[in-house]
Each structure stands twice: as structure tokens, then as C-alpha cells.
Amino acid sequence: MIKNYIKYFLPLSIVLFSTLTSCKRVFKEDNYVAYFGGEVLNPQEKYVLFLKDGEVIDTIYLDKNNRFMHKFDSLAPGLYTFKHNPEYQYVYFDKNDSLMVRVNTFDFDNSVVFCGRGDEKNNFLMELFLKNEADRSIMYDNFDKDVKSFIKNIDSSFAIRKSFYLKRKAEIGWDENFDLVAKASLDFHHITKKEIYPYAHQFRTGENIRTSLPKDYYNHRKEVDFNNAVLTNYSPYIKYVSVMLNNVALQSNVEDLNENSLENNITKLNITDTLIKNQKVKNVVLNNVAMMYLLEDQNMYNNQKFIERYLQLTTDTKNKEEISEIYNSVQNLKVGNRLPKIELVDTVYKPLDINTVINKPTVLFFWTSHAESHFSASHRKVTELQAKYPDYEFIAINVNDNIANWKNALKKYNFEGVKELHAVDFETIRKQWVITKIHRIIVLNADGTIKNGFANLFDVNFEQNLK
């Protein structure tokens, strides 16, 4: 990584810091000038979006060399997001930081490297993020273990990452404001696993181990500031709150272990209303609960009851509109309806309308190169189903990828016998077909009408949809 850092960043950083600013420059107390620039290899758009709390602050266009640069006359210190569709990452700015980032869209997260004033903090966040992601990819088998073994495993994993955090904190010497973000990335990953374990263990093994948990098992909840608006839109925090609410709801309704049931999700809304007093934070969490629920439980009566309670509690007009839009999209996917038209292309980039190519019962399944294990598993599963149900057409639709990543993934795995299509615009298919979970399946009748718009390929009862 150091060689790449020098090779690619040194020429660009010389230009940046010789013409725009200097890391040694002393800024006045009321001067909040900051710079953000960099280079995008294999760009998929002509611009980079710069956001704060989900809201676009600036659209920064790439030049002919796929580089970009932007001066902020006044940029408040804190956590921001940069996005090059469909990927995004976080970037932290202290007062007067001048940051550059280099990223390759073919391997977005693993390629992100920062340089300039403020680079050490941001490179630390990326390193910790990647360590957490590597740990997440192997954590599911640990949920099958007994309580003692599970705790020993996650504590050992946490100790390694905490040592890394403490080492870098001492070396870099960051302030308490950045430490809030750094510590959140460290701690929330750990306690998220603790919240998932009780119900994941029961789902996977059939054993209810809640009574076997140590008395201090949930002590971490006392340390979480649920009203801290700084972390409101930070992914580690949102993930933690989501699984914590799920855990508490399932614990409250001991007879109902369906995390997607109406009762459990209304319980989540009510817990959120009681637990979180900061209305900004509350609105974000309520919105997340609503998003997750509407994409799972497609009982239209349940949806209406849930929406009524959600609208009673949230005060965010924009969120209300977004959830209402999803609710309406779900209504459009009722049994007997036709799918809304979406821009799709085949492997030779020929545009097609899904409603004009259906001439036999069809299963639509979705994948992205960002979830490689699912991509492989779903195609293998479909290959098995094709042999059992030859009257059905199985169509794979790639989402949230650029054309190059899609084609590279197909070339790498070479699954034969499955028609492969690509959704040109992810946001459109996400909204119109409500595709936000990759395991989603749509089953169509021979005339193209919807038989089941919300199935799950890996549900043990999935094949009932094909009979």
C-alpha cells in the first residue's frame, strides 16, 4: 500500500499543497477553509457526491484525468460521506484539513487511501472498517456455539482490534471529537454481535439460551448514548440499534420469534419512542425500522396498521414521504399486477422490457458482486431448481453494480443456463421493485403477472411458490 501511496499520490499531492494550501500553514480561529480532492480509477459517474447526514452538500465533477478538487470556504469539523455511485465511504474532517482520496471502483473499499492533512485519522477508520468487515464475514458460525465459547471468541476478537485502536490513538494523538467516531466503529461492531447472538443462536440451533446468559451480558447498553446526534447516520450505530431493537422485541414477545411480524415491529417502534428522546435520532431509527419492515412483511393489512403507528411517532416530513413511497410501491406489487417498467440490458447490452419477454412461469432473483457468497450460492440454488422445475424460466438480475463489475463476475463464475440481465439504474429498481435486500425473489405467472412479489430463495418453503 505504501508503494501505491507514493506512486499515485505524490505527484497529485505536490500540486495540491503547493497551489492550494500547506500542512504547516497556521489558520485563524474563525477560518474553517478545507479542501477535498482525489482520483477515481475506473469511474462509473462523472462526479463525486459530498454529503453530511445523508444530505448532498456538493457535487464535485471529475476532470479529464478522473481527478477532482473542491475548496470549502467553511466546513465544520465532523463526519461526512463521499459517494461515487453506487459506493460510498466516510471521511472525517478536522478544522482546516486538506484531504485527498484515491479509490478504484473495481474494489472500492479495499482501495480507499487518503493523503494530506488529516489522512492518518481517515486511514485508521478505513483499516478498522476492513478489519470489522473481515470479522463479520466469519462471525455467523460463532452464533452456533454455546454461551461461554461465543463470549470467549468475540472477546478475543475485540481485544485484537482494541489493541490496534489504542496503538493508533497514541501514535496519531487525535482529539475527543474524533475519538467518539473511532470508538463507535470499534465498540458497536462488538456489541452488535452480542445483541444478535441470543436470537440468531435460537434460529440456527433451536436452543433458547437467554436464561444461560451471564447477568452482566447486556451491561453495554448502559454505556450507549442513544441520543447522540453526532452518530445518528453512522452505519455502525444504526446497525447496532437495529439489532438491539430486534433482540428486545423478540425477548418481549416470547411466543413470537418472527422478527418480521407486525407485533414485533410495532414493539420496535414503541421501544424507540420510549428509549430515544432526541427527535432527530428518533426519526432516523424509526425510519430504519419502517424500511426494514415494509420490505419483509407483505400482508397489506399489516402494512397499513404499521404505517399508521409509524406516522404517529415520526416528525420528519422527508422520511414520511420516503416511507409512503415505499408503501405505495409495495402496493403496486400485489398478486396479479404487472411489474413496473425498469431499464434492463442483457449481456450484449440490448435494452429490454421484462414484461415483453415473459412467456412462461418465471423466477426473478437478484445479486451483486458486493455480496459474492450470495451471488455464488443463489446461482447454485437456481441450477438445482432448474432441474426440478423445467417449466420455469430463471432470470438473474444484477443490481448495484457497474457494467464492468457485472461482466467480470459473470466471467469469473461462468454459471450456464441462467439468463443474466443488468439493472441500469439501481435507485429506480430499488424504489419501483422495492429491491433493498439481495435475497428477494419475484415469482411471475406465464402471462407476466405477479404470483409472489416477496419470496426468499433460501426459505425452506420457497418451492411451494413453484407448485
Side-chain angles (χ1 to χ4, degrees), residues 4 8 36-51 54 56 58-68 81-91 100-114 126 129-130 133 137 235 340-354 364-379 382 395-415 418-440 442:
N4 287 338
Y8 291 105
F36 183 54
E39 181 180 16
V40 180
L41 299 184
N42 305 302
Q44 306 306 310
E45 303 277 5
K46 295 296 184 182
Y47 55 84
V48 172
L49 298 177
F50 191 76
L51 307 91
V56 176
D58 275 293
T59 300
I60 313 173
Y61 288 91
L62 304 181
D63 65 17
K64 64 181 181 180
N65 297 313
N66 299 325
R67 295 173 177 175
F68 65 97
T81 306
F82 67 94
K83 183 174 183 180
H84 185 75
N85 285 325
E87 304 279 5
Y88 76 92
Q89 261 302 342
Y90 295 101
V91 57
M100 297 189 64
V101 62
R102 180 177 182 270
V103 61
N104 188 334
T105 64
F106 288 175
D107 191 13
F108 195 92
D109 291 333
N110 285 299
S111 70
V112 172
V113 182
F114 294 92
M126 279 307 306
F129 167 81
L130 293 173
E133 287 298 293
S137 69
S235 179
K341 186 175 180 179
I342 295 294
E343 189 177 1
L344 301 168
V345 295
D346 62 18
T347 52
V348 294
Y349 313 119
K350 179 184 176 182
L352 56 82
D353 178 357
I354 197 70
L364 305 179
F365 67 104
F366 305 87
W367 65 274
T368 172
S369 65
H370 307 298
E372 193 168 0
S373 60
H374 171 268
F375 165 50
S376 179
S378 62
H379 277 73
V382 163
I395 300 178
I397 300 180
N398 171 261
V399 297
N400 203 24
D401 267 320
N402 56 58
I403 291 286
N405 284 355
W406 172 48
K407 297 292 284 188
N408 287 339
L410 292 180
K411 184 178 180 180
K412 178 180 178 180
Y413 284 91
N414 192 29
F415 285 105
V418 178
K419 181 179 289 186
E420 298 283 352
L421 303 179
H422 172 72
V424 175
D425 182 59
F426 175 62
E427 283 303 305
T428 302
I429 196 170
R430 182 185 72 83
K431 291 178 180 178
Q432 295 295 315
W433 289 9
V434 200
I435 305 298
T436 59
K437 288 201 171 182
I438 206 64
H439 59 240
R440 168 83 175 285
I442 298 176

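Between Phe36 and Phe68, the gap from one ring centroid to the other is short of 6.0 Å.
Taking the side chain as every heavy atom from C-beta outward, Glu343 and Thr428 never approach each other to under 4.5 Å. Side-chain atoms of Ile354 and Ile395, non-hydrogen and from C-beta on, do get closer than 4.5 Å to each other. Put simply, the side chain of Trp433 reaches to within 4.5 Å of the side chain of Leu364, judged on heavy atoms. Counting only heavy atoms from C-beta outward, the side chains of Leu62 and Lys46 never approach each other to under 4.5 Å.
Of all heavy-atom pairs spanning Val345 and Ile403, the tightest one is CG2-CD1, 4.4 Å. In terms of heavy atoms, Leu421 sits closest to Trp406 at C-CZ2, 3.7 Å. When all heavy atoms of Ala423 and Leu344 are compared, the closest pair comes out as CA-CD2, 3.7 Å. When all heavy atoms of Gln89 and Asp109 are compared, the closest pair comes out as NE2-OD1, 3.1 Å. Asn65 approaches Glu39 most closely through the heavy-atom pair O-OE2, 4.2 Å. The minimum heavy-atom distance between Asn402 and Asn405, with the atom names listed, is OD1-N, 2.7 Å.
Between the Asp58 side chain and the Ile60 main chain, no donor and acceptor come within less than 3.5 Å of each other. Side chain of Arg440 to backbone of Val434: a donor-acceptor contact under 3.5 angstrom is found. In this structure, Lys419 contributes its side chain and Ile397 its backbone to no donor-acceptor pair below 3.5 Å. Judged by distance alone, the side chain of Tyr88 and the main-chain N or O of Leu49 form no donor-acceptor pair under 3.5 Å. His374 places no side-chain N or O within 3.5 Å of a backbone atom of Trp367 that could act as its donor or acceptor partner. In this structure, the side chain of Asp346 engages the main chain of Lys350 through a donor-acceptor pair within 3.5 Å. Between the Asn104 side chain and the Phe106 main chain, a donor and an acceptor come within less than 3.5 Å of each other. Side chain of Asp401 to main chain of Ser369: a donor-acceptor pair is present (N/O by atom type, distance under 3.5 Å, no hydrogens or angles).
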task: Please lay out, stage by stage, how Asn85 and Gln44 fare under the test side chain to side chain donor-acceptor pair (under 3.5 Å).
output: CA-CA 7 Å; Asn85 285 325; Gln44 306 306 310; over 6 Å; no

- request: Would you please test Thr347 and Lys407 for side-chain contact (heavy atoms from CB on, under 4.5 Å) and show each step?
  value: CA-CA 8 Å; Thr347 52; Lys407 297 292 284 188; 3.8 Å; yes

message: Phe366 vs Ile429, test: side-chain contact (heavy atoms from CB on, under 4.5 Å). Steps then yes/no.
response: CA-CA 11 Å; Phe366 305 87; Ile429 196 170; 4.1 Å; yes

- request: Please report the C-alpha distance between Val418 and Phe365 in whole Å, then the side-chain angles of each, then the deciding distance to 0.1 Å, and finally whether the side-chain contact (heavy atoms from CB on, under 4.5 Å) criterion is met.
  value: CA-CA 11 Å; Val418 178; Phe365 67 104; 3.9 Å; yes

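Between the CG atom of Leu352 and the CD1 atom of Ile342 there is a distance of 12.0 Å, given to the nearest 0.5 Å. In this structure, CD in Glu45 is found 12.0 Å from CD in Glu87, a value given to the nearest 0.5 Å. In this structure, the separation between NZ on Lys341 and CD on Gln432 is 12.5 Å, given to the nearest 0.5 Å.
In this structure, the side chain to side chain donor-acceptor pair (under 3.5 Å) partners of His379, at least two apart in sequence or on a different chain, are Glu420.
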